[in-house]
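Okay, so here's the structure we're looking at.
Computed from heavy atoms alone, side chains included, the values below leave out hydrogens, waters and symmetry copies. Naming convention: chains lettered A, B, ... in sequence-line order (proteins, then strands); numbering from 1 in each chain.
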Amino acid sequence: MLDKHYDPHKVEEGKYEKWKEEGYFQAGRDLSKQPFSMVIPPPNVTGKLHLGHAMDTTIEDIIARYKREVGYDVLWVPGMDHAGIATQAKVEEKLSKQGLSRFDLGREGFLNKAWEWKHEYADTIHSQWAKMGLSVDYTRERFTLDEGLSAAVRHVFVTLYKEGLIYQGEKIINWDPELRTALSNIEVIHKDDEGEFYYFKYDVVGTDKSLIVATTRPETMFGDTAVFVNPKDKKYADLVGKMVINPANGEEIPLMADEYVDISFGTGAMKCTPAHDPNDFLLGKKYGFKFIKCIDETAHMNEIAGPYKGMDRYECRKALVDKIKEDGHLVKIEKIVHSVGHSERSDSVVEPMLSKQWFVKMKPLAEKVLATQKGSDKVNFVPRRFEKVLTRWMSTVEDWCISRQLWWGHRIPAYTNIKTGELVVTEEEMDPKEWKQDEDVLDTWFSSALWPFATLGWPDTETADFKRYFPTSVLVTGYDIIFFWVSRMVFQSLHFTDKSPFHEVVIHGLIRDAQGRKMSKSLGNGVDPIDVIEKYGVDALRYFITNNCTPGMDMRYIDEKVGAAENYLNKIWNACRYVEGVLGEDYTPRPIDKKTLGVLDAAIIDKLMHTIKSVRSEMDKYHFGQASSILYDFVYDDFCSSYLEMSKIALSHEGAEADVTKDVLYTVMKDIILMIYPYTPFVTEEMYLSLPGHKKSIMEEPYPEYDRHLINKKAVEKLSILEGMIKDIRNYKSTNGMAPNAKVRLLVSPAEPFEGSGEYLKRFTFASSYEIKGESLGGSSFLYPGYELMVEEDVDPAILKEKLLKEKETLEFEISRSEKMLGNPGFVSKAPKEKVDLEKAKLEKNKGILESLKNKLASL
RNA sequence: GGAUGCUUAGCUCAGCGGGAGAGCAUCGCCCUUACAAGGCGGGGGUCACAGGUUCGAAACCUGUAGCAUCCACCA
């Protein structure tokens, strides 16, 4: 027997372990079923999981559990990401608290620390997955740095290299001076920062003229190789070709003309620093300049900066500007807001810098994606608009810088011969005495990109899992990592397996705080899912997520809503407790027999069928919020408030009527539980096990099926008349200042809506008497299609009249509306016939009611 | 500079071509034997604005405004 109150913690205890032991999460237990597969977006082993993870994985778990119920052999692969930069930064931070740097430990020692860190956080993550109830297949768990993934990474790297799609080159890359590593373009976040625009005077050699050049980055002037103007710019036409003096170091550099320069920007004259700016780099190449680096890897000035050597780039900027000012070459300083690149991880200002790195040549790979998206093997996004995010990026993508100057990650399989300097890229282990391996590791996303196929055994394409579960069915992830992850999985998969890695991508938004702000450490507004679970239970948290997420949209975390979810679960819990009590221990479930159903039974079963149909349809479209609210309405209104209350009367009539009612209660309750189960597996398991005739677990039950033979429109209509009567009487009492349980006498005419309906009416309205009158009722009766009802209590006639007049007004409005519609030839000829018929029927009905209403008013 | 999304009840949000919905909040009444973490009843909205398409628009199209996000090498 269920307890009187739903206690989430008591309910949740032990269930997950049981499911896991029984092997319910394991894929491939019944190969006769259709496969359905997903991979978890591997969380970083940097720390605890946050609410965003809770949302993402809850959605996946709903899908997994639903698909199992519907009859699929579901594989949901769990795993974690080594998260190169992020984890290394955490470990280094920890070390620095002990006064150590990674260089003190050396590569090997540091990696040991990193692995310790990984194990610690992997444990935390595992326990959080268990708390959340995720039905992942632990027998197939993977890690992005495990043996298999590492082999896949090496294979991909070597293959792409041999195909000419990976190359080593010297280009301007984004350098994070704090973490001291290169970054890819998308790891740089551009922010609008306030800065200064410095205008300096450059003397032109051999003349008494000068020109003014504006820059935001004076400290890079030591690396300048020219000043450029636009060839069409008349201001400088006579000066082009002469030398000008760099006010930073007094060196002579040429004044040149190139179309690239925008005449209208600044002074129209631009300094060129080929080693510290991507555009200047291109100019440098075009004109064969030297590439002079003046800033080092820690963002300090090097020897090129002469007296400024050793200064931080900003210190140097300040000192240099002061000096130029002293020299009389500073014209003015303007405040400007400009876009400055920051490292996604360290938030330090990224230094564009010439550097030798490894790159993936993106164009051919991206073109494959774009072509695929036009065909039948395309990846379908939910919502659809996110496909454009992918294709737009793919069509403008630049080469991907994949090498990182870190230790934690997949080491690049490139070796240089110590004696000859020969470079070899190979999957084989090379003898370290002869060959020196590249020091760098790969971008984390390089390995994550292989996740959907490498976790299934690839590059071995003959493994059972790869053959059965690849391509995967669906991927669930946030819109913020479409570039980082989704796009890269797609192009790697297309290139290496010739298939898209998944058929569908379900995109969700971010979870924000109650004020709509992003949750962040600096704001301290983060919510720990574990705290929420402590307070309300996992199921309430899961239900909150289910009910409040709309595909592709951000969601706010609102504590009271989780509370509301818990209350809802308590409601269902109590309904179940009632059903359980009613059925008793001897009850044996029987299928619904259409022929034996009473009006109320037939009506609730009809509504159940409609609910099953629409819920399934929404579930299939991944509209969980929609699905759960359709269910909510059915559970709350149709089942709890209506049928369940009414069943109390039927049950008091012992015999066949009571038996049928029990069958209906059982069926509806069980179907409700089975439909809510994917959202809130713990409570529903507990409730399920309290019902008679249950199996070992709810996980062995199939999803409810829609049966069109159980549709009964007439019964629903009759019920709606009864419910209308009840509502009118309740409202009548309320507006007349009577207590809800005040006794009233009722009359109906010319008959009751269905046999026995009077008993329900009486009970639901606390009527002391109930009588059927053959003839029409005068005065204050309520009207329904074909029926009248009257409350025989003395009430203030003024209130009554007011009520009737209000009713008349709305009726007249309704009638005129219908007449207007039906009088519109366009509507009658163009609207669907059923709409027109519906409107006609409404008009007739309302006209009839208005007629009797007028009589009543006259007789008052 | 491009692109996308949002603007609906006091608050947070669904709905996205056939008569305005939910949760919370609010007001009134009720300990009715599943649930007071409850029940019953009520109040509250020219669905941002302006045009257009349609028999019919909160929903579709085009603009406008405000907010948000993403992309972009403007020195």
Side-chain angles (χ1 to χ4, degrees), chain A residues 2 4-6 172 185-186 190 197 213-217 220 228 260-262 264-273 277-282 338-339 341 352 383 385-386 388-389 392-393 396 398 479-480 482-483 509-510 514-516 518 544 547-548 550 552-558 560-561 563-582 623 625-626 629 632-633 636 640-641 644-645 648 726-727 730-735 737-742 763-766 814 817-818 821 824-832 834-836 838-839 842:
Chain A
L2 296 175
K4 184 165 180 186
H5 285 297
Y6 157 53
I172 297 274
N185 295 348
I186 51 177
H190 292 275
F197 208 19
V213 176
T215 179
T216 52
R217 304 209 53 201
T220 63
F228 275 96
Y260 171 76
V261 179
D262 180 350
S264 59
F265 191 88
T267 62
M270 178 193 94
K271 70 183 205 59
C272 178
T273 323
D277 182 281
N279 294 309
D280 296 2
F281 174 75
L282 295 176
H338 62 152
S339 182
R385 74 184 122 94
F386 287 100
K388 265 189 275 175
V389 177
R392 186 178 296 273
W393 191 66
T396 58
E398 302 209 359
Y479 60 68
D480 52 327
I482 293 177
F483 299 148
L510 265 38
Q515 282 94 54
K518 232 170 155 171
F544 163 77
N547 196 234
N548 289 285
T550 312
M553 291 286 144
D554 288 352
M555 183 198 339
R556 293 192 192 192
Y557 174 81
I558 294 174
E560 298 83 68
K561 285 199 182 186
E566 193 191 359
N567 289 352
Y568 173 51
L569 296 176
N570 183 57
K571 179 85 182 171
I572 304 171
W573 175 273
N574 274 288
C576 187
R577 198 165 72 93
Y578 166 79
V579 172
E580 186 193 357
V582 163
H623 295 171
Q626 283 300 106
S629 43
Y632 181 93
D633 290 344
Y636 234 98
C640 291
S641 298
L644 192 146
E645 288 301 328
K648 290 169 186 172
I726 292 168
K727 189 153 187 160
R730 284 173 170 170
N731 174 266
Y732 176 89
K733 286 187 185 178
S734 169
T735 51
M738 298 161 78
N741 55 0
R763 174 173 174 124
F764 277 66
T765 64
F766 296 88
E814 292 299 310
R817 180 184 160 278
S818 295
M821 276 178 89
N824 177 346
F827 177 72
V828 180
S829 61
K830 290 188 182 172
E834 53 182 285
K835 289 284 166 204
V836 180
L838 204 74
E839 212 50 47
K842 257 190 257 175

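- Looking at A:Phe544 and A:Met555, their side chains come closer than 4.5 Å, going by heavy atoms from C-beta outward.
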Tabulate protein N/O versus nucleotide N/O from nucleotides 4-12 of chain B, keeping only pairs under 3.5 Å, one per line.
from	atom 1	to	atom 2	distance (Å)
B:rU12	O3'	A:Arg556	NE	3.2
B:rU12	O2	A:Lys561	NZ	3.0

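- Summarising the geometry, atom CE belonging to A:Met270 is positioned 7.5 Å from atom CG belonging to A:Asp277; distances are rounded to the nearest 0.5 Å.
- The nearest heavy atom of RNA chain B to A:Trp393 and to A:Ser818 marks one nucleotide each, and the one closer to the 5' end goes with A:Ser818.
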Could you list the protein-to-nucleotides 68-70 of chain B atom pairs, N/O on both sides, closer than 3.5 Å?
none

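- Nucleotides of RNA chain B nearest to A:Asn824 and A:Gly516 differ in position, and the one nearer the 5' end is that of A:Gly516.
- Under the 3.5 Å distance criterion, the side-chain polar atoms of A:Asp554 are left unmatched by any main-chain donor or acceptor of A:Gly509.
- Looking at heavy-atom distances under 4.0 Å, A:Leu838 makes no contact with the nucleic acid at all.
- The gap from the C1' atom of B:rU54 to that of B:rU7 amounts to 25 Å, rounded to the nearest Å.
- Here A:Lys4 lies in heavy-atom contact (under 4.0 Å) with sugar-phosphate atoms only.
- Taking the side chain as every heavy atom from C-beta outward, A:Val389 and A:Tyr479 never approach each other to under 4.5 Å.
- Residues A:Lys271 and A:Thr220 form a side-chain contact, since some pair of their non-hydrogen atoms from C-beta on lies under 4.5 Å apart.
- Counting to the nearest Å, the P atom of B:rU33 and the CG atom of A:Leu644 are 14 Å from each other.
- Taking only side-chain nitrogens and oxygens, A:Lys733 never comes nearer than 4.0 Å to OP1 or OP2 of B:rC30.
- For the C1' atoms, the distance from B:rA59 to B:rA14 is 13 Å, rounded to whole Å.
- For the pair A:Asp280 and A:Thr273, the tightest heavy-atom approach, listed with the atom from each and the gap, is OD2-N, 2.7 Å.
- Proximity of a side-chain donor or acceptor of A:Ser641 to a complementary backbone N or O of A:Tyr636 within less than 3.5 Å is detected.
- The residue A:Glu580 sits apart from the nucleic acid: no heavy atom pair falls under 4.0 Å.
- A heavy-atom distance below 4.5 Å is not found between the side chains of A:Phe766 and A:Arg730.
- Counting non-hydrogen atoms under 4.0 angstrom, A:Ala564 reaches the backbone sugars and phosphates but no base.
- Counting any heavy atom pair closer than 4.0 Å across all strands shown, A:Pro352 reaches no nucleic acid atom.
- A centroid separation of less than 6.0 Å is found between the aromatic rings of A:Tyr568 and A:Tyr632.
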Please tabulate, for side-chain N and O atoms in residues 569-577 of chain A, each donor-acceptor pair with protein atoms closer than 3.5 Å (sequence neighbours left out).
from	atom 1	to	atom 2	distance (Å)
A:Asn570	OD1	A:Tyr6	N	3.4
A:Asn570	OD1	A:Asn574	ND2	3.3
A:Trp573	NE1	A:Asp3	O	2.8
A:Asn574	OD1	A:Arg577	NE	3.2
A:Asn574	ND2	A:Asn570	O	3.0

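- Here, B:rC13 and B:rC29 have their P atoms 33 Å apart, quoted to the whole Å.
- Taking atom P in both B:rU4 and B:rA22, the straight-line distance is 34 Å, to the nearest Å.
- When side chains are defined from C-beta on, A:Lys561 does not count as touching A:Arg556, because their heavy atoms never get closer than 4.5 Å.
- Taking side-chain N and O atoms only, A:Asn574 has no distance below 4.0 Å to OP1 or OP2 of B:rG38.
- Residue A:Cys576 is out of contact with every strand shown, counting any heavy-atom pair closer than 4.0 Å.
- The side chain of A:Tyr568 places no N or O atom within less than 4.0 Å of a non-bridging phosphate oxygen (OP1 or OP2) of B:rG23.
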All N/O contacts under 3.5 Å from nucleotides 73-75 of chain B to the protein, with atom names and distances to one decimal?
from	atom 1	to	atom 2	distance (Å)
B:rC73	O2'	A:Asn279	ND2	3.2
B:rC73	O2	A:Tyr260	OH	3.4
B:rC73	O2	A:Asn279	OD1	2.8
B:rC73	O2	A:Asn279	ND2	2.6
B:rA75	N6	A:Asp262	O	2.7
B:rA75	N6	A:Phe265	O	3.1
B:rA75	N1	A:Asp262	N	3.3

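- At the heavy-atom level, A:Phe228 lies nowhere under 4.0 Å from the strands shown.
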Polar atom pairs between nucleotides 40-43 of chain B and protein, under 3.5 Å, N or O only, would you list them?
from	atom 1	to	atom 2	distance (Å)
B:rC40	OP1	A:Ser641	OG	3.4
B:rC40	O3'	A:Arg730	NH1	3.4
B:rG41	O3'	A:Asn731	ND2	3.3
B:rG41	O2'	A:Ser734	OG	3.2
B:rG42	OP1	A:Asn731	ND2	3.3

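- Between B:rG56 and A:Lys835, no contact under 4.0 Å exists linking OP1 or OP2 to a side-chain N or O.
- Judged by a 6.0 Å distance limit and a 45° cone about the ring axis, A:Lys648 is positioned over the six-membered ring of A:Tyr578.
- Comparing the P positions of B:rA58 and B:rA9 gives an interatomic distance of 15 Å, to the nearest angstrom.
- As judged by a 4.0 angstrom heavy-atom cut-off over every strand, A:Thr550 is placed among residues touching the sugar-phosphate backbone only.
- Within 4.0 Å of A:Glu566, counting heavy atoms only, lies at least one base atom of the nucleic acid.
- In this structure, the side chain of A:Glu580 engages the main chain of A:Leu2 through a donor-acceptor pair within 3.5 Å.
- Here the separation of B:rG17 from B:rC6, taken at their P atoms, is 14 Å to the nearest Å.
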Could you spell out the base pairing of RNA chain B as a dot-bracket line? Use Watson-Crick and G-U wobble contacts where both distances are under 3.5 Å, [ ] for crossing pairs, | for partners on a different strand.
((((((((.[[[[.)..(..]]]].(((((.......))))).....[[[[[..)....]]]]])))))))....
